[in-house]
Amino acid sequence: MKNTPYQPQQFEKKWQEQWKKDKINVFNPDSNKKKYYILVELPYTSGDLHIGHWFTFTHPDVLSRFKKMNGYNVFFPMGYDAFGLPAENAAIKRKIHPKDWTMKNIETMTKQFQQMGTMIDWDWMTITCLPEYYRWNQWIFLKMYEKGLAFRGKALSNWCERDQTVLANENIENGKCWRCGETVVQKEVEQWFLKITAYADRLIWDENSNSVDWPKQVQAGQNNWIGKKEGINIKYKVSSIKYEIECFTTRPDTNFGATFIVLAPEHEFIQKILKGEIKSKETNVSAIKKYVEAAKAKSELDRMAETKKKTGVFSGFYAINDLNDRRMPVWISDFVLIGFGTGAVVGVPGHDIRDFEFAKEFGIEIIRVVVGKDGNTSAITKKEQVQEKEGKMINSGFLDGIDILEATKKIMNYMVEKGWGKRTVTYHLRDWSISRQRYWGTPVPMIHCPDDGIVPVPEKNLPIELPYEVDFTPHGKPPLATNEKWLNVRCPKCGIPAKRDAETLDTFFDSAWYWLRYLNPHHKNGPFDIGRAKKLTPVDIYFGGAEHTLGHTLYARFFTKTFKNWGMVDHDEFALKRIQHGIVLGPDGNKMSKSKGNVINPDNVVAEYGSDTVRLYLCFMMPYEGTGPWSDQTIAGVNRFLTRVWEIFQNFINEKTTRSFVENKHLVIKLQKTIRKVTEDIENIKMNTAIAAMMEFLNDWERNPAGLSKENAKKFLQVLSPFAPFLTEEIWQSIFKEKKSIHLSIWPKVEGDLVEEEVIIPVQVNGRLRSTLRVTRLEIGKDNVISKALKDEKVKKYLDGKKYKVIYVPGKILNFVTN
RNA sequence: GCCGCGGUGGUGGAAUGGUAUACACGCAGGACUUAAAAUCCUGUGAUCGAAUAGAUCGUGAGCGUUCGAGUCGCUCCCGCGGCACCA
């Protein structure tokens, strides 16, 4: 009988429909089986599914099928990140309403996703732009406001003067506004913030903790971003007037070498000078005014361009260093940031590269300090000052031979005791600015009343729906303010005419808690079902992109800790494990882009090879974390593998031939090892090596196609099934006449001791491979192996009557060591 | 500058301190074919060698630990990613 060729197109669609009908992927939240929550970052509704989505989702899907076969109650939901700027952009460009554009995209993308044949249960779909979702954004916001976690404040922001709007960093193109081309400046703007800094300490990862498994890259990156620094605020009296300037430093030990003070242009002291509240003979008010204004007008781009060159102006005042009574000139420079520390820096040009540059630029004295080797506080009196010639700065060279931390601590204690300063902790992390002057987002549920100020919208009035009728084309005022009917309300407190807040929430607010909404997307009594959350979260494994290290995942952790405080969840971290994917590049090695013409369209490759091949290829081409080009040749090779699998199973069609099968012991052990390897590799998301193991097994099997029983052949099919769900299902049901889906079958167990009848033992002399021995399992005893090796000419000639020592790792390796 | 991750054949990539280069691609030779495609078989780190005899070298460079190092330690070099006038 002639074999049927492998034609996936003929059955993939059939199984997709059958699985849907049989509800093989339905999740039951009330099941008593152990839960396993697989989460993939919810995709943005960009409009078309590209190969990157396939890559991102295939690995989790393999895991999902695997976990299900291992008896877990697998929750693998899906949703869309549907608010945001691109929708507004596209809408302006194509003259479609953002909502219509987004909803249409969701429809197409969902259809495409379903073609992938994933185990995603679509009944839990959550869409962030729907009122049933964002009303709970508003609820959370109000609750945060009530607890002081959401507040209105001023911050330096990217500002476009022409459009009168704040711009996000990603809306700036070469320092210009993306809408009108105006140069972006920094401006203090009043906006809404979330007090993420209140959680700074709790957000720091404990590197020694094993309770969660997140990439080091993320943990270190976030810790770095939070940037906790312990130091001291040293007070310096300004001579001739009653004022103290406070400077933050982590290295008070360098203070012997301080020769100047620099203030940020926004510093309070400068304001006092400009207002004429303080003055000295040396103060040039107009020069200071000019400098401060120039600094204010500087764009991000200008500041970056000037990274190396220091600018500044002298304030006309001097401050006193209590340590050595030195009179230090007070300068103003924009390299000092008002947002960090105290906005004032003590200049130690002998030991800090920036201070050095500044001092050189303005002819300020540069002193290098040497501290006594004992590192004791007494070192203070033994200080030795040396003039530093021009040269490379060595940041800690002056403390050679002593423990810097110890010295710093001692000097800090000394200064604190003397009352010259106080211990301080600073963070790099800033509060999260969440106001966006855009249309396509969650309306901020606040009302501005002329009498009562800011008044929260009462909970019973939620949701504040986003009005459909607005002018969202750029006009210089928030789009929501163009709908007067929506904008004008009465104050909930006093009833007089008031206005709604016309801003919307950053879309990262939406994605900061969506995995909880998945648990019950239509829940009406709160953002999520607390009981269910306690049962089904934390997420067991979270797949996503590396670009979310400092944004999304940090916000999500912050929300989790907030919910924990509110008693809504039990855990501190929302995801036990995090895996970050790489990128599939175009065949030319460049990032796929329409303009480069190197885009791989999933629909086309699926039409050519079938879903199984595409899935298998995406798992095999590189590790999940990897980034590399698409290869038409490699996918053809993977297709070859599936064809060979198909062919070998055709042997089982005929009962007459299978009766003559004789199970081969080696093949059975090899199969067991393959099952073990695939099992481990899927657990560790190392799909490429799992597939390699199956390929290896097939290579062996093909040498002896009648060497495996039907039962064992089915086991191979089962371990392949998470990767190639269609082909395996087709064989499972049409050749093996199974009635229930292979995806509902039980994952094969590894049985037996897996010791081969015969092993090959490498023999080394002095660590160099000289020969190999074939030994049966009964002969792997040390003495036996040694005597066998000694009969081997290849080994003998290197031993040559010399004395030797023997290292033998049973069944693994034999090493003779001479000399 | 700081932090993180890497550097292995022609390519993508494998290797609990134990035969480096699994698996795949590519390439070469062969079988089948009138021919091609497809498929199958064989070979494929480098150098020397007639050799499928054997030897030497070989995982960015150099030291070290070890019977044995791609793997562990130290000192560098290079690449990628993140952060950055952060005091």
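Order of the sequence lines sets the chain letters (A, B, ...), proteins ahead of strands, with each chain counted from 1.
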Sugar-phosphate only, base, or nothing, as touched by Thr250(A) at under 4.0 Å among non-hydrogen atoms: sugar-phosphate
Dot-bracket line, read 5' to 3' along RNA chain B, where crossing pairs take [ ] and | marks a partner on another strand, Watson-Crick or G-U under 3.5 Å: (((((((..(((.....[....)))((((((.......))))))((((.....))))..(((((..]....))))))))))))....
Gap in Å between the two C1' atoms, one belonging to G7(B) and one to G13(B), rounded: 13 Å
Interatomic distance, Phe335(A) CZ vs G1(B) C1' [rounded to whole Å]: 15 Å
Protein-nucleotide distance (Glu625(A), atom CD; C80(B), atom C1'), rounded to Å: 15 Å
Atom C1', compared across A38(B) and A53(B): separation rounded to whole Å: 39 Å
d(OH, Tyr798(A); C1', U56(B)) in whole Å: 10 Å
Distance flag, aromatic centroids of Trp214(A) and Tyr542(A), threshold under 6.0 Å: no
C83(B) to G12(B) separation - P atoms, rounded to the nearest Å: 27 Å
Value in whole Å for how far the P atom of A87(B) lies from CD1 of Ile353(A): 14 Å
Residue whose nearest RNA chain B nucleotide is more 5′ - Gln217(A) or Thr249(A): Gln217(A)
Separation of G81(B) C1' from Asn224(A) CG (nearest whole Å): 13 Å
Validation row, ring centre Phe649(A) to ring centre Trp701(A) under 6.0 Å: yes
Quiz item: Lys216(A) side-chain donor-acceptor pair to C5(B) base, under 3.5 Å: no
Whole-Å P distance, G79(B) and G60(B): 16 Å
Euclidean distance, atom CE of residue Met694(A) to atom P of A14(B) [Å, nearest integer]: 15 Å
Same-atom distance (C1') from C78(B) to G30(B), integer angstrom: 43 Å
P-based separation of C80(B) from C74(B) [nearest Å]: 25 Å
Ion pair check, Arg774(A) and Glu779(A), cut-off under 4.0 Å: no
NZ/NE/NH1/NH2 to OD/OE distance under 4.0 Å, Arg326(A) and Glu365(A): yes
Under-4.0 Å side-chain N/O to phosphate OP1/OP2 contact, Arg768(A) with C57(B): yes
Short side-chain donor-acceptor distance under 3.5 Å, Thr818(A) and Tyr798(A): no
Side-chain donor-acceptor contact under 3.5 Å, His666(A) with Asp700(A): yes
Any side-chain donor near an acceptor of the partner, Glu647(A) and Gln650(A), under 3.5 Å: no
Sugar-phosphate, base or nothing in reach of Arg770(A), heavy atoms under 4.0 Å: sugar-phosphate
Integer-rounded Å distance: A14(B) P and Met621(A) CE: 12 Å
Residue pairs, two or more places apart or on separate chains, that pass side chain to side chain donor-acceptor pair (under 3.5 Å) and touch residues 679-693 of chain A: Lys67(A)-Glu683(A), Lys677(A)-Asp681(A), Thr679(A)-Trp747(A), Asp681(A)-Thr689(A)
Span that lies between the C1' atom of G4(B) and that of G9(B), in whole angstrom: 28 Å
Euclidean distance, atom CG of residue Asn223(A) to atom P of C5(B) [Å, nearest integer]: 13 Å
Centroid-centroid under 6.0 Å between Phe55(A) and Tyr624(A) rings: yes
Syn/anti state for G9(B) [syn: chi within 90° of 0]: syn
Centroid-centroid under 6.0 Å between Phe362(A) and Phe260(A) rings: no
Per-nucleotide protein contact string for nucleotides 15-30 of chain B (B base, S sugar-phosphate only, - none; heavy atom under 4.0 Å): S--BB--BBSSS----
Donor-acceptor pair between Asn590(A) and Asn598(A) side chains, under 3.5 angstrom: no
Sugar-phosphate, base or nothing in reach of Tyr617(A), heavy atoms under 4.0 Å: nothing
Any Lys229(A) side-chain nitrogen or oxygen under 4.0 Å from OP1 or OP2 of A87(B): yes
Atom C1', compared across C3(B) and U56(B): separation rounded to whole Å: 43 Å
Sugar-phosphate only, base, or nothing, as touched by Pro629(A) at under 4.0 Å among non-hydrogen atoms: nothing
Position toward the 5' end of RNA chain B (nearest nucleotide), Ala220(A) or Gly341(A): Ala220(A)
Sugar-phosphate only, base, or nothing, as touched by Val817(A) at under 4.0 Å among non-hydrogen atoms: sugar-phosphate
